[in-house]
Amino acid sequence: MNVVYITCEITPYATTGGLGDVGGALPAALEELDVNVIRIMPMYRSVLEGDTPKSDTGIRLRVPVGLRSLQAEIWKADDDGPATYFVRKDEFFDRSQLYSLPERDYDDNYERFVFFQKAAVGLIDHFQFKADIVHANDWQTALIPYFLEHGIHGMGRGRGEQVVFTIHNLAFQGIFTDHEFPYSNLPYSCFSLEDLEFYGNLNCMKGALLRSDAVTTVSQKYAQEILTPEFGCGLEGVLARIADKLTGIVNGVDYSVWNPAHDPYLAKNYSASNLEGKAACKKALLKEMGLAEAVGKKQQQTPVIGMVSRLVDQKGLDLLAEALEEIMTHDVYFVLLGSGQQKYETLCREWAERWPEKFAVNIGYDTGLSHRVEAGADIFLMPSRFEPCGLNQLYSLKYGTIPLVHATGGLDDTIEAIHPDGKSGTGFKFESYTVSSLLAELDRALTLYRQPEAWRAVQLRGMKQDFSWGSSARKYKHLYQSLIEA
Ligand code: ADP
Ligand code: GLC
């Protein structure tokens, strides 16, 4: 079975979050199941400048974008993973960020990703590669079914491939004005109510939902939630129409990357059979974050709350802002790593100034530190307003760091609430998105923390959970198979 996996992020080449982690791990897990996968992604500056080995294939493709005819250079990763091709066009991708500057998307995002998607389809044709399945992800690849059908010039191609489209985040739909539509060179009939038109605008995600053969999202709970107005981001009606081809397949964890037993970023490795190193990781984290005063004092008795997050509305920063005053009255340390919306970055810096001995923030994207927060924290906070899957709660389980999450989407599916007697469950979970329920759950966490044996039992239960990609990859393979046979 041949699969072309088209995505805008793959860890370790370039990533802003979980999309990259999935693009890095799922194709490898599929290959373990004898699925042949080719990946295609843009060649961003971080790919260009990164130290992963790569080379120019020499392939040059002409890609029409409206009236312009542009050249795509095709590069290839020279490493052991599934075959990965990079679409190089420095005018579009050699930029400091992937999609946006702090408060504004790049103005030419539609043009950039039309170009990328057409180059991907052009590459499939160049290889004369018999793809059984083309698997696209999120809005940046949502026009793939159209380009496979109509061709990159819009003159017709006739697609033989089955298309699977995965929604990682419905909040980003790729909405542009009708003026931009011609960049796609698609027939005007595609800009209709039955296709890409949505309240007078162009909505890429809507098109993918309607024209893909199967639509998946990254947890079962989120697959149900997005059928409601609260989570459907305006597309709940369209989703209801396609509900029979919509399924939820939860993400997995790449334990070759996220495992405290051999994590190269940690001060000391540890595992479920010997948790000793975790104390060293906690100490090192507090020191690294400038909470040095804490080190050596009553540090081991004081829990560290950790958070690694894009600083955006989705992640519950508004709730945290309301709750923090009260949280800081407790005997805790708070360590936060993140970047995103300016207003939240500013707030975080203010918190660090207000509680210099207890609250430390690092604004930025730092892979090593994200591992060290997972290892060094005691409680990992994810108060997300919505969360399609979420990966950090799964990493936390493996690192013996007990998650405290809002019961939404994948957080609800993957974390089992800790029973009051502590004898079952893997994390603290609050049901309603309110400050009082978050604080009540934090109280429970702090109470349990004062009972080291009970705490240890919950840690160990979490560390033994298995969220490896195998079972989810099997579900994708099964889905591919059913489409091929249909
Ligand atoms: P999302 O994709 O919505 O951001 P996920 O929980 O699925 O959320 O995945 C987030 C991924 O991005 C995790 O691997 C997390 O460690 C990583 N991450 C998020 N913010 C940062 C940051 N500032 N520095 C390093 N890694 C980060
Ligand atoms: C998105 C979601 C996140 C999910 C990730 C990978 O970024 O916000 O919940 O885990 O995609 O699927």
Side-chain angles (χ1 to χ4, degrees), residues 5 7-12 14-26 46 97-99 135-141 165-173 205 216-223 225-226 231 233 248-255 257-258 263 265 289 306-317 335-341 344-345 348 361-375 377 380-399 401 403 405-406 408-415 467 469 472 476:
Y5 191 88
T7 182
C8 276
E9 299 185 19
I10 298 174
T11 304
T15 184
T16 62
L19 180 67
D21 292 13
V22 176
L26 171 60
S46 48
Q97 304 297 319
L98 271 47
Y99 315 115
H135 189 155
N137 296 275
D138 275 353
W139 77 262
Q140 296 90 339
T141 61
F165 180 75
T166 298
I167 305 167
H168 294 265
N169 196 335
L170 194 62
F172 301 98
Q173 299 176 3
M205 179 80 88
T216 69
T217 188
V218 288
S219 68
Q220 289 186 2
K221 176 93 186 257
Y222 191 62
E225 287 173 338
I226 56 180
F231 295 96
C233 304
I249 302 178
V250 73
N251 289 331
V253 177
D254 184 345
Y255 289 121
V257 177
W258 291 97
D263 187 330
Y265 294 114
M289 294 300 290
M307 204 167 159
V308 177
S309 184
R310 288 184 294 116
L311 301 178
V312 294
D313 296 332
Q314 173 191 347
K315 300 294 180 178
L317 274 302
V335 168
L336 193 151
L337 164 65
S339 61
Q341 287 174 253
Y344 292 129
E345 293 190 355
C348 289
V361 64
N362 184 313
I363 300 289
Y365 196 94
D366 182 336
T367 301
L369 182 54
S370 72
H371 287 241
R372 290 189 289 279
V373 174
E374 286 289 4
F380 196 93
L381 182 61
M382 293 180 79
S384 308
R385 183 181 282 274
F386 69 94
E387 195 62 78
C389 179
L391 292 168
N392 287 102
Q393 80 280 14
L394 304 178
Y395 303 154
S396 298
L397 291 175
K398 187 69 183 172
Y399 282 67
T401 302
V405 305
H406 176 217
T408 186
L411 297 176
D412 199 23
D413 279 356
T414 57
I415 299 301
F467 282 95
W469 266 105
S472 296
Y476 280 106

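Whatever order the structure lists them in is the order used to number ligands and atoms, beginning at 1.
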Distance from atom 14 (O) of ligand 1 to nearest protein heavy atom, with residue and atom: Asp21 OD2, 2.7 Å
Are any of the N/O atoms in Asn392 less than 3.5 Å from those in ligand 1? yes
How many angstroms lie between CZ in Phe380 and OH in Tyr399, if you round to the nearest 0.5 Å? 11.5 Å
Go through ligand 1 atom by atom and flag the ones less than 4.0 Å from a non-hydrogen atom of Gly390. 6 (O), 7 (O)
Specify side chain, backbone, both or neither for His168, according to which of its non-hydrogen atoms lie closer than 4.0 Å to ligand 1. neither
Which part of Asp366 is near ligand 1, with near meaning a heavy atom under 4.0 Å away: side chain, backbone, both or neither? backbone
Test ring-ring contact (aromatic ring centres under 6.0 Å, His included) on Tyr395 and Trp258 and set out the steps. CA-CA 6 Å; Tyr395 303 154; Trp258 291 97; 3.9 Å; yes
Does the side chain of Ile363 reach to within under 4.5 Å of the side chain of Tyr344, using non-hydrogen atoms? no
Just to be sure I read this right, does ligand 1 sit under 4.0 Å from the backbone of Ser309, its side chain, both, or neither, counting only heavy atoms? backbone
CD (Gln341) with more than 12 external heavy atoms under 6.0 Å: yes
Note: heavy atom closest to atom 22 (C) of ligand 1, options Trp258, Phe386, Tyr365, Tyr395, belongs to Tyr365
Measuring only between side-chain heavy atoms, which start at C-beta, is Thr141 closer than 4.5 Å to Thr7? no
From Arg310, Glu9, Lys315 - option closest to atom 8 (O) of ligand 1 by heavy atom: Lys315
Does any N or O atom in Thr367 lie less than 3.5 angstrom from one in ligand 1, N or O only? no
For residues 385-397, pull every pair meeting salt bridge (charged side-chain N to carboxylate O under 4.0 Å, His left out), keeping only residues two or more places apart or in separate chains. Lys315-Glu387, Asp318-Arg385
For Asp412, the salt bridge (charged side-chain N to carboxylate O under 4.0 Å, His left out) test, sequence neighbours excluded, returns Lys221, Lys429
When only distance counts, is Leu391 in polar contact with ligand 1, meaning an N/O pair under 3.5 Å? yes
Tell me which protein heavy atom sits closest to atom 2 (O) of ligand 1, plus the residue, atom name and distance to 0.1 Å. Gly18 N, 2.6 Å
Side-chain contact, heavy-atom cut-off 4.5 Å: Leu311 with Cys348? yes
Contact residues of ligand 2, where a non-hydrogen atom lies under 4.0 Å away: Gly18, Leu19, Val22, His168, Asn169, Val218, Asn251, Arg310, Gln314, Glu387, Pro388, Cys389, Gly390
How far is atom 23 (N) of ligand 1 from its nearest protein heavy atom, and which residue and atom name does that atom have? Gly364 O, 2.7 Å
Which residue pairs pass the side chain to side chain donor-acceptor pair (under 3.5 Å) test with at least one member in residues 364-375, sequence neighbours excluded? Asp263-His371, Glu288-Arg372, Glu374-Asn392, Glu374-Ser396
Any idea which protein heavy atom is nearest atom 12 (O) of ligand 1, and the distance to it? Gly17 CA, 3.3 Å
